[in-house]
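Before any comments, here is the structure.
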Amino acid sequence: MKQLPIMQVLPDLKRILTDRAAAILIAEPGAGKTTAVPPAFLEEPWLAGKTILMLEPRRLAARSAAAYMASCLGESVGQTIGYRMRMDTKVGRNTRIVVVTEGVLTRMLQSDPSLGDVGLVIFDEFHERSLHADLGLALALEAQSVLREDLRILVMSATLDGERVASLLGEAPVVRCPGRTYPVETVYVPEAGNATAEKSAATAVRRALAEQPGDVLVFLPGEREIRRTEQELASGSLPPGTVLRPLYGQLPQPQQDAAVAPAVEGERKVVLATSIAETSLTIEGVRSVIDTGLRRTQVFSARTGMPRLTTVPVSKASADQRRGRAGRTAPGVCYRLWSREAHDHLPDDNVPEIMETDLAQLALELALWGVRDPGALAWLDAPPAAPYAQAMALLRQLGALDAGGSITLHGRSMAVLGAHPRIAHMLLRAADLAAAPLAARLAALLQERDLFRGPAALDSDLTLRVEALLGFERSASSGGADPAALRAVQRESRSFLAQLRAAPGEGPGDISRSGLLLSFAYPDRIGQERGNGAFLLSGGRGAAMREGQPLARSPYIVAPGVDDRAGQSRIMLAAALSEQDLLKHHADSLLEEREVYWDSESGSVKARRVTRLGALILKQMTHERATPEETESVLLKVIAAEGLQLLPWEKGTLQLRQRMEFMHSQRADWPDMSDEALTDTLEEWLAPYIQGMRNLRDLQRVKLTQALEGMLDWNSRQQLNKEAPTHITVPSGSRVPLDYSNPGAPVLAVRLQEMFGQTDTPRIGGGKVPVLLHLLSPARRPMQITSDLASFWQNTYFEVKKDLKGRYPKHYWPDNPLEAVPTNRTRPTK
DNA sequence: CTCTCCCT
């Protein structure tokens, strides 16, 4: 132990903490900080009669750290060194160092904010930035500043921006310590064009096996990619003695053990792993690491209140951590399946959990601490506003907070249970209904990994898991389910039963009540069947489960397991629920109201009395009749939403609208006739003309011309006829209609011959606007477009005339059009 | 053939 690098910095640390309240230790991997630092303080005078609390992010790490420290003292765990975690505690009367896992620290702080006889709190692996470590530090800092000025805090981390933590801890000194690992060469192998991560990984595995000695560790984002890479490798030839070992959290324990165990003599191991091998598990003998640079992560959507799994690039810190796994026992090589340039664009660090997770638990803990605004505490990264607001809303819905945001008695009971607030609420409601035994089992099933693997896992029905668990409880037979998962669920459910003071042996009764119990936990995820496996959820989202399973045909379900996807979410775990139970047990949340609405199927206004649960309509009575006022208001809304084309725009009506639009373009005091303006003012101009109407067919009878004219007074109508006439009488005597479809330039389309004798362009708009003339051939083909008739006669006419004379020799094409007789026939009548 | 990783 003497030769560990950490030994050199221990005197510094001791000196600093003698008169400072906080310190930061940044130690690279292999420095030995976890087991060397805590015992170093045991003899310090300021720690006399007090204990050390060290926070570890994982149970396995906490137990092994305690075991190692105890063995160094020649003791067993539970004497000077102990640990405390959920359902497993080894602490004695003389214990002075207690290694705890994350939830435990929060509970200890909540039950005694002054932390009793604790003299030093150590946060190990703080760079992982887990939600509980961030929360624990925030609470410990407040305890220190308000109640315990003598409490010391030591933050230990592998890689971390030391300055930011130092300033959070009142400019605490930072001690750095080198690590002791072997050098690892980094090789960048950019993916070739369209190759998938699996194909590139397989290619790199063959290369590593050829170039390097020892075992190979491959980092892939998830189970699917692991399976594909395995197939990819198995389909080609591998050097003799090569064994493939998948490794991920959902994998049954024996297979995980096989991946971690050293390769047997004569074999070389290729471990295909998720990020579980980045920190949680150590695999001896690895000399090559292949990193796809991807990781799967859960991001919480505050908008939907659901999690979403996404595949994202790793951070530089994470890539370095993965690389380090090749240099634990000897020098190694790390093949990165991306380019040097791409590496520069990777984020420095992983996003802290507090920034993208569900904050319901955090918000409940803060409420219990007496804080409504998280800004009252000191954070490295404060909880983001949107998820925090969503969390507060959920806690209010569950009755954990009152309207003012303060914790209720119910909320206090929930917090103590040490489960997600949704689950805690379910357990308490179930206890009131004498259904605690079933609720405890459901809670355990939801908190542990799925009992089912392979095709069985594709059935979303949670009650099948309850049945598998009961079978295991009765006969200890796993019946195809994962035995280690069954044991974990059983342990967990017993612990919940104990907390609810229910007898451990008590059976769950009628398991068809599962849906009802779960609906207390997920009031926003009660689904109403929509066909083809699709459901509308009470929270307003659409969601779908795999078709073909019986559960997909239940009229009502509750969905604890969902994955938020674009469009509609995916349901992974659910249970059926009866309408009767829904109406009875969610009576407080039901909203009964009379509703007048647009039935798009029949295209008519209808009225109904509905019973709503969030976005769901549980019951409706359609024998209601809408009043004329209600009908009118719904019709106007439909026209506003669907557009004015629902109205009968006949030719004359359209021309009237266009003429009025022309007037508006000339005179600002005339009404705006654009779609937008008309839609905004339906109430004023259309309402009087739809009285008594109820549907689309009725709308076809609207007297639209009258409605438009109704917008004008008598004087304006006279002005309209004068300044925007429907027709113009041309020299030949014909009344030619004006086309206003472009209100900026009304068009008069007229045969050229009919205009003989007219010098100037006809004008409208009180003489201000010359019309745009479309001068036509006798066959009404446009020959010329002009708004300057005088210039036409003088110039272009003579060219046009030649052309016309050729094509229409019998017609009259005079040399002096201004003195010729206009005509609407072939030649003027003599 | 839908599922990263932890923890009270």
Side-chain angles (χ1 to χ4, degrees), chain A residues 55-62 84-89 100-111 125 128-136 219-228 247-251 273-281 292 294-300 307-312 314 318 350-351 353 356-358 360-362 364-365 368 414-421 423-424 427 443-444 447-450 452-460 488 492 495-496 499 533 543-549 559-565 569-574:
Chain A
L55 177 67
E56 280 297 319
R58 281 166 290 279
R59 296 169 63 99
L60 196 68
R84 199 182 277 278
M85 59 190 74
R86 184 182 178 86
M87 297 183 287
D88 190 4
T89 294
V100 298
T101 46
E102 299 196 319
V104 173
L105 177 70
T106 310
R107 291 272 65 77
M108 289 173 89
L109 278 156
Q110 292 281 19
S111 61
E125 314 285 7
E128 293 187 17
R129 296 295 310 280
S130 73
L131 185 72
H132 270 104
D134 275 9
L135 172 64
F219 283 102
L220 291 145
E223 178 179 354
R224 190 176 52 224
E225 291 83 356
I226 287 174
R227 291 295 164 203
R228 286 200 193 134
L247 177 61
Y248 49 90
Q250 292 274 73
L251 195 68
T274 59
S275 51
I276 192 172
E278 196 176 309
T279 49
S280 309
L281 295 175
T292 58
L294 297 172
R295 101 192 135 96
R296 198 105 71 218
T297 184
Q298 196 178 63
V299 176
F300 180 75
R308 169 183 315 183
L309 264 187
T310 55
T311 307
V312 296
V314 296
S318 196
N350 288 344
V351 180
E353 193 181 6
E356 50 184 22
T357 196
D358 177 5
Q361 285 184 270
L362 181 93
L364 184 60
E365 295 292 355
L368 182 63
M414 282 165 62
V416 176
L417 274 176
H420 188 284
I423 304 297
L427 289 167
Q447 303 217 140
E448 290 296 323
R449 71 163 186 257
D450 196 354
F452 292 166
R453 304 289 314 149
L458 297 178
D459 197 314
S460 316
E492 185 95 22
S495 149
F496 282 130
Q499 283 178 284
M545 68 172 74
R546 177 175 298 277
E547 281 184 74
Q549 45 179 329
V562 289
D563 187 22
D564 192 23
R565 301 282 172 101
S569 302
R570 191 163 290 177
I571 298 174
M572 251 90 78
L573 271 184

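The shown structure was predicted, so the numbers you read here are calculated from the model rather than taken from an experiment. Chain letters run A, B, ... following the sequence lines, proteins first, then strands; residues in each count from 1.
- Contact of the A/Arg58 side chain with the A/Glu128 side chain is registered, since non-hydrogen atoms from C-beta on lie closer than 4.5 Å.
- Among the protein residues, A/Arg224 comes within range of the sugar-phosphate backbone only, with heavy atoms under 4.0 Å from sugar or phosphate atoms but none that close to a base.
- Under the side chain to side chain donor-acceptor pair (under 3.5 Å) criterion, A/Glu56 pairs with no residue at all, not counting sequence neighbours.
- In this structure, the separation between CD on A/Glu223 and CG on A/Leu251 is 8.0 Å, given to the nearest 0.5 Å.
- When heavy atoms are screened at a 4.0 angstrom cut-off, A/Gln447 is found touching base atoms of the nucleic acid.
- Looking at heavy-atom distances under 4.0 Å, A/Pro57 makes contact with sugar-phosphate atoms alone, never a base.
- Using a 4.0 Å heavy-atom criterion, one finds that A/Arg295 contacts no nucleic acid atom at all.
- Among the heavy atoms of the strands lying under 4.0 Å from A/Thr101 are primed sugar atoms or P, OP1, OP2 only; no base atom is included.
- Within the 4.0 angstrom heavy-atom criterion, base atoms lie near A/Gly418.
- A residue-by-residue look at A/Ala419 and A/Gly222 shows that A/Gly222 has its nearest nucleotide of DNA chain B further toward the 5' end.
- In this structure, A/Thr279 reaches neither bases nor backbone, as no heavy-atom distance under 4.0 Å exists between it and the strands shown.
- Counting non-hydrogen atoms under 4.0 angstrom, A/Gln361 reaches a base of the nucleic acid.
- A/Thr106 comes within 4.0 angstrom of no nucleic acid atom, judged by non-hydrogen atoms across all strands.
- In terms of position along DNA chain B, the nucleotide closest to A/Gly454 lies nearer the 5' end than the nucleotide closest to the other residue of the pair A/Gly454 and A/Glu56.
- Checking A/Glu225 against A/Thr292 by side-chain atom types alone, no donor-acceptor pair falls below 3.5 Å.
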Show, in sequence, the C-alpha distance, side-chain angles and deciding distance for A/Leu220 and A/Leu294, and conclude whether the side chain to side chain contact (heavy atoms under 4.5 Å, CB included) test is met.
CA-CA 6 Å; A/Leu220 291 145; A/Leu294 297 172; over 6 Å; no
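- In this structure, a donor-acceptor pair under 3.5 Å is absent between the side chains of A/Glu365 and A/Thr106.
- Note on A/Arg59: only backbone sugar-phosphate atoms sit closer than 4.0 angstrom, heavy atoms only; bases stay farther off.
- For the pair A/Arg295 and A/Tyr248, the cation-pi criterion (under 6.0 Å, within 45° of the ring axis) is not fulfilled.
- Nucleic acid contact class of A/Leu309 (heavy atoms, under 4.0 Å, all strands): base.
- Bounding nucleotides for the chain A contact on DNA chain B, 5' to 3', at a heavy-atom distance below 4.0 Å, are B/dC1 to B/dT8.
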